[in-house]
Every structure is written in structure tokens, then in C-alpha cells.
Protein chains: 2
Amino acid sequence: MRKKLRETAHETATMRLRQAGLRPTRQRNELAKLLFRDGHRHLTAEMLHAEAVAEGVKVSLATVYNTLHQFTQAGLLLQVVVDPTRSYFDTNTADHQHFYCEDENSLTDIPGPEISVADLPTPPPGTEIKRVDVVVHVRRH
Amino acid sequence: MRKKLRETAHETATMRLRQAGLRPTRQRNELAKLLFRDGHRHLTAEMLHAEAVAEGVKVSLATVYNTLHQFTQAGLLLQVVVDPTRSYFDTNTADHQHFYCEDENSLTDIPGPEISVADLPTPPPGTEIKRVDVVVHVRRH
DNA sequence: TCAACAGTTTAGAATTATTCTAAAGAGACT
DNA sequence: AGTCTCTTTAGAATAATTCTAAACTGTTGA
Ligand SMILES: [Mn+2]
Ligand SMILES: [Mn+2]
Ligand SMILES: [Zn+2]
Ligand SMILES: [Zn+2]
């Protein structure tokens, strides 16, 4: 017989955490479930905290910050810097690029094949390339 | 006979300000001279303020922030967001791209021809592309 | 030449995002 | 259960940035 969806989601989250070497605590499980339940998301710590609170998950804002950074270090999330006043966390960890609309503070993935970035430049001496970030800034017209 | 370099720099700064529609006040003139005296620079408000103070220019940090934003709006500077905790201002307003080294908090221009960004994607409906930011993150190895 | 107005500067307070502290709580292992 | 370690949390602290409102200055036209 089939397990309930909730149980399955919980086990999936727990496994994800174990694989990342993070102790599967209640808070981390709940946050993982919110983060990874549907499609790719771009969230700030405040946004995720608000969502958790709205769904009755008891967790502090400090823990949300800690968890987002731990998930990022573990490779479960990507941190995206586009706005000088907020940090976004991205559940899509594949190599991809973003549209950012300052007017509406919205960050979205660029669909389809990536913008081709050809001929990567030689990095400054003593350094190696870690990542190439491409952000296409758009405005409402 | 030739004018002194200082006078010339001052007049250049004043003209730049007038062209930008900004009243050429003492503070704006001095900051413009510091910003544009040699080559391209990538500075935070704190950095520019420290430099001004070190050179005996009397100006408050609030004015440095105001001025950097006014210059940016006027197209004399570009604001570059790479670090979640600081904003850089770039005197190079040409279309170009950056290396960012988190280890040493350094932002530098990518020399030579730009990374070719081919096939710009279609922006989300109701929006148009304003700018494409490319940041190559590097780490010390 | 100078008064009058509009634009500018400033110190200091306020705001906002984020991080720190240190004490209480909860998984893991036996 | 008992112990150890890791985690969570409220609240304080920090850091970058913005705001406020009063003093100041560049510009203009009489
Ligand atoms: Mn900031
Ligand atoms: Mn910040
Ligand atoms: Zn994304
Ligand atoms: Zn630059």
C-alpha cells in the first residue's frame, strides 16, 4: 500500500539532509519541504520565514538564515546577489541565469538554453574561475 | 600660458557636473576629482569617504552616498552589486564585465574584448532588457 | 551687488538586513 | 535513560545605508 504524500515528502527531505551531512531536525525538515515542494524558487530569508509562519511551522528567523546558509554550503541552494539590500536563495542549483526586474523585485530563471558565454577570460594571476554569473536586468515598459 | 593642473582638473569636474545637470558644489567637485583622476576605479562609499578624508577634503559620509547615487543616475557611474554587504561604484561606464574575488573583496574589470554573450533571451512579457551583467567569480588557489 | 529662493550638506537618528551570543532544547549513540 | 554534541532561539549587536530637519551655499534677477 502507498504511503501518504506527507510522509513521503518528509522522508525525501530527511534523506536530502542526511546526504548533505546535516542532522535532520524538525526545523530543517520543514524548511526543506517548503523549499523543494514545487518547482524552482527564488526566496529571501524573510520570504521563507513568512511562508513557514503562515503554514504554522514554528521556526525563528535566525534559524532560517542559518539553514539557508547551511543548505547553500551543502550545495542544495545557490545564493544570488542582485539587489544591494536583499539576498536571494535559489533552489535551482544547475548552471543557469536570471532575469531581474528591479521594478517588481522579481528574480526568475532564464528559460531554455543558456546564454552562450564564449571565450572565458583568463582570471587574474593566482586565481581560478569559480562561477560565471549572468543577470539580465529588465524594466517594465 | 598653460593653466595649473589643479585648476584644469577643477574645471573639468565642474563641466562634468554642469553637463549632468548637477550644481557644481565644493563637495561634488572634490569627489568628482577624486573619482575621475586616474583610470577606472571600483569604490564603495566608505572607501571614497576615507580617501576624501585622507586628502583633507571635508565631506560627510551621507553626502558621499548622495553624490554616488546622483552620479549614477546621471550616468557618470555604474553601480555594481556583487557582495551582499557592499555596493561598488564603477567609474567605467562602458559596457564591460567584472572579475570578483570574494577572498580579497576585489572587483576588477575583465580586460580585452568582452565575453561574448550571444542570443539574448526574450525578456518576460511587459519588460525590456536594460542591461546584462556578467560577473566572473574567482577564488585564490 | 545682493536679497531671496531653491538646492545642498550635515550630524545624528533611524531603518533594514543580517549576524552574534549564550542559554535552553533536542538528535544520536550507547 | 544518560551523555555528548549539535541546534535552536530570543534578543542584542553590527554594518551598510537612508532619513530628517536645520544650517548652509550656489544661482538668479532686481
Ligand atoms: Mn546593504
Ligand atoms: Mn545587507
Ligand atoms: Zn534561478
Ligand atoms: Zn568596472
Side-chain angles (χ1 to χ4, degrees), chain A residues 10-11 13-32 34 42-53 56-74 76-77 79-89 102 105 107, chain B residues 10-11 13-32 34 42-53 56-74 76-77 79-89 102 105 107:
Chain A
H10 192 83
E11 282 161 28
T14 298
M15 275 203 337
R16 212 193 287 264
L17 290 172
R18 285 204 197 289
Q19 266 186 313
L22 294 168
R23 201 185 273 192
T25 63
R26 174 178 63 77
Q27 290 86 338
R28 296 212 270 231
N29 264 303
E30 310 257 43
L31 292 176
L34 292 179
H42 301 88
L43 297 166
T44 64
E46 288 279 2
M47 287 164 72
L48 179 57
H49 183 246
E51 188 171 313
V53 167
V57 173
K58 259 199 84 184
V59 62
S60 74
L61 182 57
T63 296
V64 172
Y65 272 106
N66 291 338
T67 302
L68 287 173
H69 286 134
Q70 290 152 0
F71 283 16
T72 299
Q73 262 200 295
L76 301 175
L77 294 175
Q79 186 171 9
V80 184
V81 181
V82 276
D83 188 294
T85 69
R86 345 155 157 264
S87 246
Y88 286 87
F89 292 86
E102 200 174 318
N105 261 315
L107 184 71
Chain B
H10 192 84
E11 282 161 29
T14 298
M15 274 203 336
R16 212 193 286 266
L17 291 171
R18 284 205 197 287
Q19 267 186 311
L22 294 167
R23 200 185 277 193
T25 64
R26 176 179 60 78
Q27 291 87 337
R28 297 212 269 229
N29 264 304
E30 310 257 42
L31 292 176
L34 292 178
H42 301 88
L43 297 166
T44 64
E46 288 278 2
M47 286 163 72
L48 179 57
H49 183 247
E51 187 170 313
V53 168
V57 174
K58 258 199 85 185
V59 61
S60 73
L61 182 57
T63 296
V64 173
Y65 272 106
N66 291 339
T67 302
L68 287 173
H69 287 134
Q70 290 152 0
F71 283 16
T72 299
Q73 263 199 297
L76 301 176
L77 294 175
Q79 186 171 11
V80 184
V81 181
V82 276
D83 188 294
T85 68
R86 353 160 149 257
S87 247
Y88 285 87
F89 292 86
E102 200 175 316
N105 262 317
L107 185 70

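Numbered from 1 within each chain, the chains take letters A, B, ... in sequence-line order. Only heavy atoms go into these numbers, but all of them, side chains included; no hydrogens, no water, no symmetry mates. Treat the numbers as computed from the prediction; the structure is a model and nothing was measured.
When the P atom of dT18(D) is taken as reference, atom CD of E46(B) falls 12 Å away, rounded to whole Å. Distance, N66(B) CG to dT25(D) P: 17 Å, rounded to whole Å. Rounded to whole angstrom, the span from the CD atom of Q70(B) across to the P atom of dT8(C) amounts to 7 Å.
Listed pair Q27(A) / dT9(D) meets the phosphate criterion, a side-chain N or O lying under 4.0 Å from OP1 or OP2. Between R86(B) and dA17(C) there is no side-chain polar atom (N or O) within less than 4.0 angstrom of OP1 or OP2. Within the structure, every side-chain polar atom (N or O) of T85(A) is placed at least 4.0 Å from both OP1 and OP2 of dT17(D). Between Y65(B) and dT18(D), a side-chain N or O to OP1/OP2 separation shorter than 4.0 Å is absent. An OP1 or OP2 oxygen of dT9(C) is reached within less than 4.0 angstrom by no side-chain nitrogen or oxygen of T63(B). Neither OP1 nor OP2 of dT18(C) sits under 4.0 Å from any side-chain N or O of H69(A).
More than 12 heavy atoms of other residues, nucleotides or ligands shown are found within 6.0 angstrom of CD on Q79(B).
Counting heavy atoms from C-beta outward, R86(A) and E46(A) have side chains that stay 4.5 Å or more apart.
The ring of Y65(B) has its center no closer than 6.0 angstrom to the ring center of H49(B).
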